[in-house]
Protein chains: 2
Amino acid sequence: MTKQKYKPGKIRERNNENILAAAEQEFVLHGFKGTSMQSIADRAGVPKANIHYYFKNKANLYRSLLESIMQVWNEVLSDITPDSDPADVLSRFIRSKMELSYTHPNASKIFAMEIIQGAPHLREYLSNNMRTWMKERTAVIQSWIDQDKIRAIDPTHLIFMIWSTTQHYADFETQILEVTNKRQYEPDDIDQITHFLIDIIFTRLGLEQPQLEPFRPQPEEETSEPASSPL
Amino acid sequence: MTKQKYKPGKIRERNNENILAAAEQEFVLHGFKGTSMQSIADRAGVPKANIHYYFKNKANLYRSLLESIMQVWNEVLSDITPDSDPADVLSRFIRSKMELSYTHPNASKIFAMEIIQGAPHLREYLSNNMRTWMKERTAVIQSWIDQDKIRAIDPTHLIFMIWSTTQHYADFETQILEVTNKRQYEPDDIDQITHFLIDIIFTRLGLEQPQLEPFRPQPEEETSEPASSPL
DNA sequence: GTCTATACCCAGATAGAC
DNA sequence: GTCTATCTGGGTATAGAC
């Protein structure tokens, strides 16, 4: 009879997270149109009607997922200024992206599928936010070039290169594990790839290879975040 | 009444190609599960039952598409030997991949979505063919290192880097065009990106930048190949 | 807030007339 | 070889009892 000390809305919050985690799995496996509300309900262990009660409809649920993904996406490379040390900022950029590929592969995959299919649910967001995001970053990189901090390079394609190479390890995980004959990535793999990418890019930019702390993922906390948290 | 000089099976062949081209479009937009046979039929301008007559079922049609994609995929980097000139082989590798991203973006996208979703229709192929493909290539690159033709580097991740950076321009086309504020890629863009990638990679490998013929796509022939040929 | 039952629609696939 | 009509299952969404 001891009434649990859940603060109001705690149950709803937990249900929300369970449903989002289940939806993430299903959307990765079958895409937006190919995923059924029933399969999400089954995986989350709730009746199908409850998902409609919480999220209204499938498009809404999917958009909630995309929003939580874009939120994390926007945190990387947010501390870049003309006065920054390029080696510091770029190595942390590459490293953060690699860590995200390791810790949140499904988020990366859902984003990738959304873009590949023409970004039907994300077009507005892209044109509103992405272009200015890019303009600001490339302007800073160009200022580094003008200050002779790095060798001249096309800043836009440099960012595309870092995006593509790091996200590749999340999105094409299946192919990479098959080809390299591994069962799963280990933290050491993430370190090795991060060094590989920094090595190639920094050589071209005329930067010294930085010393990096090895990547050690935090042991999964009990309920601080759901296991497959939306990115 | 002049009986057309179509060789036997010509009509069937044309129908096949139309259906495959329509299927390619639909599978890119909606994924395997999300695509309906009706929408493929509508796009191809044939009754739905005919597709079942030609391809038996959806999975079969999809696999036919994947096979034609893998066929083209396998042609690149097929002429690599320990005696080859690394600068020549690698620059043509990068260039071919960039040209494929330009000429066959949908093929790249379908392949990407298949891998992202866990390669349910391609797993067997991957484990049978891909690992030996990779072993052979990385062995040759390692031999170049042993011969001091290029600076030491991890051959496997070098190939991943070329795959990811080149395919990115096909798969993430929507995002890239939005961010760079373009309506579509031009042949000049392909040249510029190719040079960008060769520049960075060759600098790290200690190779001279090669002279490259500019990329000029052949003017679309009338019926030599369907407009949206399967890769 | 929760879940059963159901309305309504569209999917893949095939039978069978042409 | 072609296409209409139809079978059967599963989809989204909601009404309404609990």
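In what follows, every chain begins at residue 1, and chains take the letters A, B, ... in the order their sequences are listed.
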B/S/- along nucleotides 4-18 of chain D (protein heavy atoms under 4.0 Å) is B------SBBB----
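In this structure, A:E67 does not pair ionically with A:R63, as no charged nitrogen and carboxylate oxygen lie closer than 4.0 Å.
The ring of A:Y169 has its center closer than 6.0 angstrom to the ring center of B:H157.
Summary of helix geometry: the two end axes of the helix from C:dG1-D:dC18 to C:dC18-D:dG1, each defined by five base pairs via their C1' atoms, are inclined to each other by 0° (rounded to 10°).
Nucleotide C:dT14 holds its P atom 14 Å from the CD1 atom of B:I51, rounded to whole Å. In this structure, CG of B:N16 is placed 10 Å from P of D:dG1, rounded to the nearest angstrom. A straight line from CZ of B:F32 to P of C:dA11 spans 14 Å, rounded to a whole angstrom. At whole-Å resolution of the value, CZ in A:R14 and P in C:dG1 are 16 Å apart. Between the P atom of C:dA11 and the CD atom of B:E26 lies a distance of 11 Å, rounded to the nearest Å. Taking atom CZ of B:F55 as the reference point, atom P of D:dG1 lies 13 Å away to the nearest angstrom. Rounding to whole angstrom units, CG of residue B:N50 and P of C:dT14 are separated by 15 Å.
Side-chain contact between B:N129 and B:M70: absent, with no pair of heavy atoms (C-beta onward) separated by less than 4.5 Å.
The salt bridge (Lys or Arg N to Asp or Glu O under 4.0 Å) search around B:E178 returns A:R123, A:R131, not counting sequence neighbours. For A:Q167, the side-chain hydrogen bond (donor to acceptor under 3.5 Å, both in side chains) criterion is met by A:K97, not counting sequence neighbours. Residues that satisfy the side-chain hydrogen bond (donor to acceptor under 3.5 Å, both in side chains) test with A:N60, not counting sequence neighbours, are absent from this structure.
Contacts of A:Y54 with the nucleic acid, taken as non-hydrogen atoms under 4.0 Å apart, involve only primed sugar atoms and P, OP1 or OP2.
Side-chain atoms of B:Y62 and B:E114 form a donor-acceptor pair, as typed in the model, at a separation below 3.5 Å.
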Verify side-chain contact (heavy atoms from CB on, under 4.5 Å) between B:T194 and B:F215, making sure each step is shown before the conclusion. CA-CA 10 Å; B:T194 304; B:F215 168 54; over 6 Å; no
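Applying the side-chain hydrogen bond (donor to acceptor under 3.5 Å, both in side chains) test to every pair with at least one member in residues 132-141 of chain B, sequence neighbours left out, gives no pairs at all.
Taking side-chain N and O atoms only, A:N15 has no distance below 4.0 Å to OP1 or OP2 of C:dG1.
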